[in-house]
Amino acid sequence: MPGSLSPALFQQAVLAWYDDYGRKNLPWQQNLTAYRVWVSEIMLQQTQVTTVIPYFENFILVFPTVEALALAESDEVMHLWTGLGYYSRARNLHKAAKMIVSQFGSQLPDSTELLMTLPGIGRSTAGAIVSTAFNQRATILDGNVKRVLSRYAGISDWTGSKKAETQLWELAEFYTPAVNCRPYTQVMMDLGATICTRTKPRCEACPLQVSCAAFASGNPLNFPGKKPKKTIPVRKGHLLLLQLATGAIFLEKRPPVGIWGGLWSLPAYEGNLENLTAECQHRYGLVIEKMCFLDSLRHTFSHFHYDITPIHATVVHSEQAIYESSEHIWYDLESPPRVGLPRPVKTLLMGIN
DNA sequence: AAGCCGTGGGT
DNA sequence: TACCCAAGGCT
């Protein structure tokens with residue numbers, strides 16, 4: 001019967017494949033430490049390997065140890081996360097580093113239970129750290145494993161549904177070996193990433209082909225089921241590039257939670273453009289001398305589109321101007337401060353001459 | 001328990 | 001273009 005191998009045979013099949021074809025040269029697989037594994041796992045949440053690699057290299061160079069991260073400035077951490085998205089991951093990573101130093105003697109815990117007490121580490125990430133960093137038995141269930149197991153067992157529900165999640169966790173636990181935990185975890189992700197891909201699975205090269213329910217069905221793309229789609233709304237607004245004669249541009253700190261939390265952003269202006277001059281004067285103590293509209297752009301978040309019309313304005317300080325505070329900085333394009341910037345803000349700043 | 005949270009790759 | 005969705009977690 002498809003989808004019903006014994007754990008021993010299942011493990012044997014995928015581990016043999018791993019020896020020949022598994023990934024062994026990823027940056028976080030070199031100089032393997034629990035800290036490096038942890039950082040990589042956080043960066044890899046909802047993010048593709050090719051995107052993560054340069055961020056990982058950079059981050060580890062600046063913060064080679066958990067102690068270094070714990071002692072870091074928040075702005076520096078966010079700076080190294082600029083463009084990677086899901087910035088709560090960076091805030092939680094920093095917070096967790098401080099907890100690891102203060103509560104765990106600077107050593108990452110080797111149990112899923114303790115790891116899950118740290119912010120940003122859920123069930124799957126905890127399993128990945130325990131199995132990969134410590135080579136101890138623990139189960140992961142990320143997007144790759146969900147897809148592999150859904151096809152193998154012929155589960156046609158969307159993997160995000162509670163029913164499918166429960167079933168998939170059970171299957172994942174069932175097939176997790178007591179030994180060879182590190183290569184087993186890696187191969188399950190490798191299969192999902194390189195063989196059992198979303199749109200073009202290479203079933204002819206899959207070690208599970210002969211016992212795969214989706215392959216037996218004739219159309220593996222029917223598994224897993226699709227996520228129920230919903231159209232995301234469009235929001236419109238302006239981002240203000242307020243520039244002094246010195247070239248410096250005004251940035252304000254985003255609230256600690258929510259979109260772009262903890263990053264430095266261009267002021268957003270949603271109001272009536274006729275009031276723009278007065279608002280700039282009132283909010284920031286800045287007098288607009290001349291202004292122009294820049295080309296509009298669409299930035300898409302996970303749950304809405306943001307149609308941005310940037311406005312560039314040359315400004316001078318008025319009497320009650322804000323020069324510098326914990327909430328505002330002047331961004332010097334010549335010697336840019338190391339702070340976290342949202343992607344479109346960074347793009348706009350780079351485009352100013 | 002759905003909605004919130006980014007950005008980029010692939011098609 | 002527009003759409004799907006990535007090595008998910010938190011509330």
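Chain letters run A, B, ... following the sequence lines, proteins first and then strands; every chain starts at 1.
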Take atom [atom1] of [X] and atom [atom2] of [N], then tell me their distance rounded to the nearest Å.
X        : N     : atom1 : atom2 : value
A/Tyr87  : B/dC4 : OH    : P     : 19 Å
A/Lys346 : B/dT7 : NZ    : C1'   : 13 Å
A/Met78  : B/dC5 : CE    : P     : 14 Å
A/Asn92  : B/dG6 : CG    : P     : 11 Å
A/Tyr306 : B/dG8 : OH    : P     : 17 Å

Does [X] have a side-chain nitrogen or oxygen under 4.0 Å from the phosphate oxygens OP1 or OP2 of [N]?
X        : N     : result
A/Trp260 : B/dT7 : yes
A/His303 : B/dC5 : yes
A/His299 : B/dT7 : yes

Classify the nucleic acid contact of [X] as base, sugar-phosphate or nothing, counting any heavy atom under 4.0 Å across all strands shown.
X        : result
A/Gly258 : sugar-phosphate
A/Gln186 : base
A/Lys230 : sugar-phosphate
A/Leu26  : base
A/Ser302 : base

task = Could you grab the distance from atom CG of A/Leu191 to atom OG1 of A/Thr197, nearest 0.5 Å is fine?
result = 11.0 Å
inquiry  = Let me confirm one number: the OH-OG1 distance from A/Tyr86 to A/Thr47, rounded to the nearest 0.5 Å.
reply    = 8.0 Å
message = Quick check on the 6.0 Å ring-centre criterion: do A/His94 and A/Trp81 meet it?
response = no
inquiry  = In this structure, is the centre-to-centre distance between the rings of A/Trp264 and A/Tyr331 below 6.0 Å?
reply    = no
inquiry  = Measuring from the side chain of A/Arg343 (C-beta onward, heavy atoms only), which nucleotide among B/dG8, B/dG6, B/dA1 has the closest atom?
reply    = B/dG8
ask   = So which of residues 28-60 of chain A are in contact with DNA chain B, with a heavy-atom cut-off of under 4.0 Å?
value = A/Gln46, A/Thr47, A/Gln48
Integer angstrom distance from the P of B/dG8 to that of C/dG9 = 22 Å
query = Do A/Val66 and A/Met43 share a hydrophobic cluster (ILVMFWY, side-chain heavy atoms under 4.5 Å, transitive)?
reply = yes
request  = Specify whether A/Tyr175 and A/Tyr152 have parallel, tilted or perpendicular ring planes, treating 30° as the upper limit for parallel and 60° as the lower limit for perpendicular.
outcome  = perpendicular
request  = Give the ring-plane orientation class for A/His328 versus A/Phe250, where under 30° counts as parallel, over 60° as perpendicular and anything between as tilted.
outcome  = parallel
ask   = For the residue pair A/Leu84 and A/Arg89, what are the closest heavy atoms and their distance?
value = O-NH2, 3.2 Å
query = Contact boundaries of DNA chain C with chain A (under 4.0 Å, heavy atoms), 5' to 3'?
reply = C/dC4 to C/dC10
Side-chain heavy atoms of A/Val315 within contact of A/Cys280, under 4.5 Å = no
ask   = Nearest nucleotide by nearest heavy atom, which residue falls closer to the 5' end of DNA chain B, A/Ile259 or A/Lys200?
value = A/Ile259
task = Decide yes or no on salt bridge (charged side-chain N to carboxylate O under 4.0 Å, His left out) for A/Arg123 and A/Glu173, but give the supporting numbers first.
result = CA-CA 12 Å; A/Arg123 184 173 175 184; A/Glu173 299 271 11; 3.1 Å; yes
query = For DNA chain C, whose closest nucleotide is more 5', that of A/Arg298 or that of A/Trp158?
reply = A/Arg298
